[in-house]
*Asks:* 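Pasting a structure below so you can have a look.
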Amino acid sequence: MKALCWEGKHSVAVKNVRDPKILNPHDAIVKVTTAAICGSDLHLYDGVIPTMEKGDILGHETMGEVMEVGPLVKRVKVGDRIVIAFDIACGSCHHCESDEFSACDNTNPNAVLAEKLYGQSGAGLFGYSHVYGGYAGGQAEFIRVPFVDTNALVIPKGIPDEKVLFLSDIFPTGYMAAENCQIKRGDTVAIWGAGPVGQMAIRSAFLLGAERVISIDHVASRLKMASESGAETIHFEEADGILDEIKYRTGGCGPDSCIDAVGMEAHGHTITASLDRVKMAVGLATDRPDALRQAMQACKKGGTLSIPGVYGGFLDKVPFGAAFGKGLTFKMGQTHTQKYMKPLLNRIMKEEIDPSFVITHRLGIEDGPDAYKAFHENKEDYIKIILKMH
Amino acid sequence: METTKTNHHLRKKHESIKINSSNYEREENQFAITIKKSPTEIYSFFRDFTNLPRFMKDLKEVNILSPLRSKWTVNLSLGPTVSWDAEIIHDIPGESIGWKSLDDSEVKTKGKIRFLSAPAGKGSIVLLSMDYSVPGGKPVEWLTKLKGEDPHTLVLTNLKRLKALLETGEIPTTEGQSSGREPVELH
């Protein structure tokens, strides 16, 4: 089969590789119909996530048709159309039973390695480095899905791929980010990053009762999309002091909650952001947390900071005094996708939301390497790329 | 000196509370894991030593020779097959099992597993120690160093594999999956 493989920093190739096979009794083999490139794939593309290996198959936003199931698969059937959660959960452990699927105890074969880095290991992830299990991803013609009964959402007939594909990651991720804000009716939520997760968070915040959403980015097309979802926008390169602007717009209080939908590679233009770049370049820091710093400074007293943006390592100059002084609550982490897939499918079927509004490009697998390059370099035009695999 | 002494005292006290109130002293190379099964269930599974190769990495097979004796075989990719006879040196149903290689074995090894009830209905706390650090010459190095695994990692890995097998019925793996490291020609 053909697959998009990580070949090193800023290098992705289409390769012919062996077709996947069933390796464990709860596995399924899925013929991928549509996959997407995630903003978090750009962290891999930029080479800032450790433990990637040349030849790793990328992709964690995947859907397709079940071709084969292992002997202990009970619920999912050959022929089912499924959306696959990006995080791999066993469905049996203490965390899975508590709906904390991304904290699953039993799916990361490299858990001992992850524990050395983070103290504990989370769930295995598709196509997202060996510390997260080294599972082959879904930007390929076929994919092996472990514990398919837990990690697949069966899609009813008649709904196009584009409407449901993002149940694999960005819609649950944006939704969980908004839920983590503990929004009360009438709240104002500020969201850093108007990429696909930021866009989903904007719509989700409104669904959950926010009165105002302020979207912060520096890409005009993304801010326009945010505005079309009902958000007020701030172009941070054009604003006179982002923190002053947010404070003014919220009557001096600050937003009730803030979402960092940017993560470890913020493109800020502050002094700390420039220092981050230098430190990352020489290996003195692993992450550039400028969006996070601003969110911590901006948030109101007693407010909540929700972090769906991915962080990998050690952060420099984080204003922890501000967080402590204002008594902020932090909620973060990989999305418990399996918890949200079904309720969010219901919202799609009730036409409360159609997540396909973020798609700007529909390409094929052969276009993959160029798509990564374009997504990386041209954020104005490329907001969300989906790849048709069959 | 005084400070060190005090800290040491506090740490010891804290550790004994953390593990359990049973005054269980941690032994060298001993690790703990919580498994969502009862102590009796895990004991029964483990006591049948023919189950051990299902989760102990690199252990090829265990043959039962008598109620207390068994023959363990390790198949190493970079070395020959190594075997030794082991005997059970203590066995308390539902609580703990200890074993060691016979005195005249080529490989010197011993192990102990203990099962405690976990709080809040979370199953069992399993404490495993496997000692391969007994001086034993080359075979011991084959067992650990050649596979790139120190004894600590081996014990931890085996505990996690035991947990996954008992909780889910399988052990997570990516061995045999597709990758761009083995490209193929398209037919």
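Reminder, nothing fancy here: chain letters follow the sequence lines and each chain counts from 1.
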*Asks:* At a heavy-atom distance under 4.5 Å, which candidate from Glu182(B), Glu167(B), Glu175(B) has the highest pair count against chain A?
*Replies:* Glu167(B)
*Asks:* State the OG1-CG distance between Thr153(B) and Leu113(A), to the nearest 0.5 angstrom.
*Replies:* 10.0 Å
*Asks:* Quick check on Asp103(B): does its CG atom have over 12 non-hydrogen neighbours (other residues, nucleotides or ligands) under 6.0 Å away?
*Replies:* no
*Asks:* If you count heavy atoms of other groups shown closer than 6.0 angstrom to NZ of Lys373(A), is the number above 12?
*Replies:* no
*Asks:* By a 4.5 Å heavy-atom criterion (distance strictly below it), what part of Ala136(A) contacts chain B: side chain, backbone, both, or neither?
*Replies:* both
*Asks:* Which heavy atom in Ala164(B) sits nearest to a heavy atom in Asn106(A), and how many Å separate them?
*Replies:* CA-OD1, 3.5 Å
*Asks:* By a 4.5 Å heavy-atom criterion (distance strictly below it), what part of Arg144(A) contacts chain B: side chain, backbone, both, or neither?
*Replies:* side chain
*Asks:* Given heavy-atom pairs under 4.5 angstrom as the criterion, report whether the side chain, backbone, both or neither of Lys36(B) touches chain A.
*Replies:* side chain
*Asks:* Can a donor-acceptor pair be found, under 3.5 Å and without considering hydrogens, that links the side chain of Gln177(B) to the backbone of Gly134(A)?
*Replies:* yes
*Asks:* Measure across Pro25(A) and Gly169(B) and return the closest heavy-atom pair with its distance rounded to 0.1 Å.
*Replies:* CG-O, 4.4 Å
*Asks:* Look at Pro146(A), Cys5(A), Cys93(A), Cys90(A) and state which one has the largest set of heavy-atom pairs under 4.5 Å with chain B.
*Replies:* Cys93(A)
*Asks:* Within a radius of less than 6.0 Å around NZ of Lys388(A), do more than 12 heavy atoms belonging to other residues, nucleotides or ligands occur?
*Replies:* yes
*Asks:* Under a 4.5 Å cutoff for heavy-atom pairs, which residue among Lys116(A), Lys15(A), Arg18(A) has the most contacts with chain B?
*Replies:* Arg18(A)
*Asks:* Assess the residue pair Asp105(A) and Lys163(B) against the criterion (side-chain contact (heavy atoms from CB on, under 4.5 Å)); give the C-alpha distance rounded to whole Å, side-chain angles, the decisive distance to 0.1 Å, and a yes or no.
*Replies:* CA-CA 9 Å; Asp105(A) 276 336; Lys163(B) 173 182 166 75; 3.1 Å; yes
*Asks:* Measuring from His26(A):NE2 to Thr168(B):OG1, what's the distance to the nearest 0.5 Å?
*Replies:* 6.5 Å
*Asks:* Taking the side chain from Asn24(A) and the backbone from Ile171(B), do they hold a donor-acceptor pair closer than 3.5 Å?
*Replies:* yes
*Asks:* Show the nearest heavy-atom pair for residues Tyr135(A) and Thr173(B), with the distance to one decimal.
*Replies:* CE2-O, 3.9 Å
*Asks:* Which heavy atom of Ser178(B) sits nearest to which heavy atom of Asp19(A), and what is that distance?
*Replies:* OG-C, 3.5 Å
*Asks:* Considering only heavy atoms, which portion of Asn110(A) lies under 4.5 Å from any heavy atom of chain B: side chain, backbone, both, or neither?
*Replies:* neither
*Asks:* Say whether, by atom type as modelled, one donor and one acceptor occur between the side chain of Lys160(B) and the main chain of Val112(A) under 3.5 angstrom.
*Replies:* no
*Asks:* Considering heavy atoms only, which positions within residues 49-80 of chain A lie below 4.5 Å of chain B?
*Replies:* Glu53(A), Lys54(A), Gly55(A), Asp56(A), Ile57(A)
